[in-house]
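Naming: A, B, ... by sequence-line order, numbering from 1 per chain.
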There are 2 protein chains.
Amino acid sequence: MDMRKLVGRNFARIRREKGFTQERFAELSGFTQQYLSDLERGLRNPTIVTIYEIAIALGVSHMEIVMPDQIEEAGSPITDAPPAQKS
Amino acid sequence: MDMRKLVGRNFARIRREKGFTQERFAELSGFTQQYLSDLERGLRNPTIVTIYEIAIALGVSHMEIVMPDQIEEAGSPITDAPPAQKS
DNA sequence: TGCTATTACATACTATAGTAGATAAACCTT
DNA sequence: AAGGTTTATCTACTATAGTATGTAATAGCA
């Protein structure tokens with residue numbers, strides 16, 4: 001599993017859902033627009049501190065990583081693959 | 001919140017629970033004993049790929065990050081603070 | 001079709017993640 | 001207290017995370 005792409009796709013999706021441009025979110029989070037662009041395209045391997053700071057800026061309060069191929073975030077499941085059957 | 005210490009403490013606890021020494025776990029995971037020592041003491045800021053690789057080696061299949069001050073892992077809640085009241 | 005906003009790409013740079021090898025310090029167990 | 005096992009600490013190194021600046025490509029929209 002490519003964690004770079006998984007994290008990137010999910011941050012991109014949440015940013016768009018919140019209505020931020022990369023430029024606007026760069027101001028909010030303190031990262032550069034260029035770095036965020038790379039991150040969202042899966043070209044970067046962020047540290048846990050970077051992920052935490054971005055999550056804070058996005059207003060995400062709960063991150064869940066389920067190994068096979070999913071990431072979820074409170075109230076907004078982030079799936080990399082079709083949702084697993086829950087029952 | 002210091003994510004370095006939070007991640008470090010939790011990985012250290014799980015490693016001990018699984019009965020691995022740092023040296024043995026270094027062999028399993030491919031990281032050095034020295035790096036794992038630093039990591040567990042909160043002196044390192046691991047990337048998402050490193051965290052993923054360590055989780056795989058630990059046999060952890062589910063990680064959960066709740067912002068204030070908790071991390072949980074499937075079947076084995078990892079709390080940084082006294083457990084929150086669930087009801 | 002052209003204008004504007006947005007995102008992708010290029011180059012160069014500094015700080016640090018992670019490696020490697022040696023050793024010191026702490027912890028057991030007897 | 002001695003000896004072995006485990007963890008912490010040192011030095012030195014390479015690769016890459018993240019910054020900074022500029023610009024090209026793409027997408028909407030009038």
Side-chain angles (χ1 to χ4, degrees), chain A residues 1-60 63-65 67 71 73 76 78-80, chain B residues 1-60 63-65 67 71 73 76 78-80:
Chain A
M1 171 159 54
D2 187 337
M3 293 301 283
R4 290 177 184 79
K5 287 184 183 172
L6 183 57
V7 167
R9 272 198 300 267
N10 283 300
F11 276 135
R13 205 208 64 236
I14 297 174
R15 175 184 60 77
R16 287 190 222 104
E17 284 175 3
K18 304 267 178 173
F20 297 130
T21 64
Q22 286 180 354
E23 184 60 36
R24 175 83 186 100
F25 187 65
E27 294 168 6
L28 285 179
S29 64
F31 293 93
T32 63
Q33 179 268 319
Q34 290 77 358
Y35 179 69
L36 296 175
S37 172
D38 283 358
L39 196 67
E40 293 189 356
R41 283 175 296 138
L43 304 182
R44 292 292 185 154
N45 180 17
T47 67
I48 187 62
V49 169
T50 292
I51 290 173
Y52 176 69
E53 289 171 352
I54 290 179
I56 293 288
L58 278 175
V60 170
M63 298 188 296
E64 188 172 348
I65 302 176
M67 281 310 161
I71 286 190
E73 169 261 336
S76 176
I78 306 172
T79 54
D80 187 39
Chain B
M1 172 159 57
D2 187 337
M3 293 301 283
R4 289 178 184 80
K5 287 184 182 172
L6 182 58
V7 167
R9 271 198 301 268
N10 284 299
F11 276 136
R13 204 209 63 236
I14 297 174
R15 175 183 59 78
R16 286 189 222 103
E17 283 175 2
K18 304 267 177 174
F20 297 130
T21 65
Q22 287 180 354
E23 184 60 37
R24 176 82 187 100
F25 187 65
E27 294 168 7
L28 285 180
S29 62
F31 293 93
T32 63
Q33 180 268 320
Q34 291 77 358
Y35 179 69
L36 295 175
S37 171
D38 283 357
L39 196 66
E40 293 188 356
R41 284 174 295 140
L43 304 181
R44 292 292 185 153
N45 180 17
T47 66
I48 187 62
V49 168
T50 293
I51 290 173
Y52 177 68
E53 289 171 353
I54 290 180
I56 292 287
L58 278 175
V60 171
M63 297 188 296
E64 188 173 349
I65 302 177
M67 280 310 163
I71 286 189
E73 169 261 337
S76 174
I78 305 172
T79 54
D80 186 39

Please confirm whether any donor atom in the side chain of B:Glu53 sits under 3.5 Å from an acceptor in the base of C:dG18, or the reverse.
no

Taken to the nearest whole Å, CG/B:Leu43 to P/D:dT7 is 16 Å

Which of C:dA8, C:dT19, D:dA8 is nearest the side chain of B:Gln34? It is D:dA8

A:Arg15 has its side chain closest, among D:dA17, D:dG18, C:dT7, to C:dT7

Separation of D:dA20 atom P from A:Glu23 atom CD, nearest Å, is 13 Å

Note to self: Side-chain N or O of B:Thr32 versus OP1/OP2 of C:dG21: is the shortest distance under 4.0 Å?
What the structure shows: no

Atom CZ of B:Phe25 and atom C1' of C:dG18 are separated, to the nearest Å, by 15 Å

Among D:dA8, C:dT7, C:dA17, the one nearest any side-chain atom of B:Ser37 is D:dA8

Rounded to whole Å, CG of B:Leu39 lies from P of C:dG18 at a distance of 8 Å

Contacts of B:Arg44 and A:Asp38 projected onto DNA chain C by closest heavy atom; the upstream (5') one is A:Asp38

note: A:Leu36, atom CG; D:dG18, atom P; distance rounded to Å ~ 11 Å

Picking from C:dG18, C:dA8, D:dG18, the nucleotide nearest the side-chain atoms of A:Gln22 would be C:dA8

Heavy-atom nearest pair, B:Arg15 first then B:Phe20, reads NH1-O, 2.7 Å

Regarding the side chain of A:Thr21, the nearest nucleotide among C:dT19, C:dT6, D:dT7 is C:dT6

Problem set entry | side-chain hydrogen bond (donor to acceptor under 3.5 Å, both in side chains) between B:Glu23 and B:Gln33, worked out | CA-CA 5 Å; B:Glu23 184 60 37; B:Gln33 180 268 320; 5.9 Å; no

Residues A:Glu40 and A:Gln22: closest non-hydrogen pair is OE1-NE2, 3.2 Å

When every non-hydrogen atom of A:Leu6 is compared with those of A:Met1, the smallest separation belongs to CD2-SD, 3.6 Å

Practice prompt. Compare side-chain N and O positions of A:Tyr35 against OP1 and OP2 of D:dG18 and report whether any pair is under 4.0 Å apart.
Written response: yes

Counting any heavy atom closer than 4.0 Å, what does B:Arg24 reach on the DNA or RNA strands: base, sugar-phosphate only, or nothing? nothing

Of C:dA17, C:dG18, D:dG18, the nucleotide closest to the side chain of B:Asn45 is C:dA17

Next on the checklist: Between D:dA8 and B:Gln33, counting only base atoms on the nucleotide and side-chain atoms on the residue, is there a donor-acceptor pair under 3.5 Å?
Outcome noted: yes

Original post:
Which is true for B:Arg16 with a 4.0 Å heavy-atom rule: it touches a base, it touches only sugar-phosphate, or it touches nothing?
Top reply: nothing

Rounded to whole Å, the CZ-P distance (A:Arg4 to D:dA15) equals 15 Å

Per side chain to side chain donor-acceptor pair (under 3.5 Å), B:Thr47 is matched among A:Asn45, A:Thr47, A:Thr50 by A:Asn45

Separation of D:dT16 atom P from B:Ile48 atom CD1, nearest Å, is 18 Å

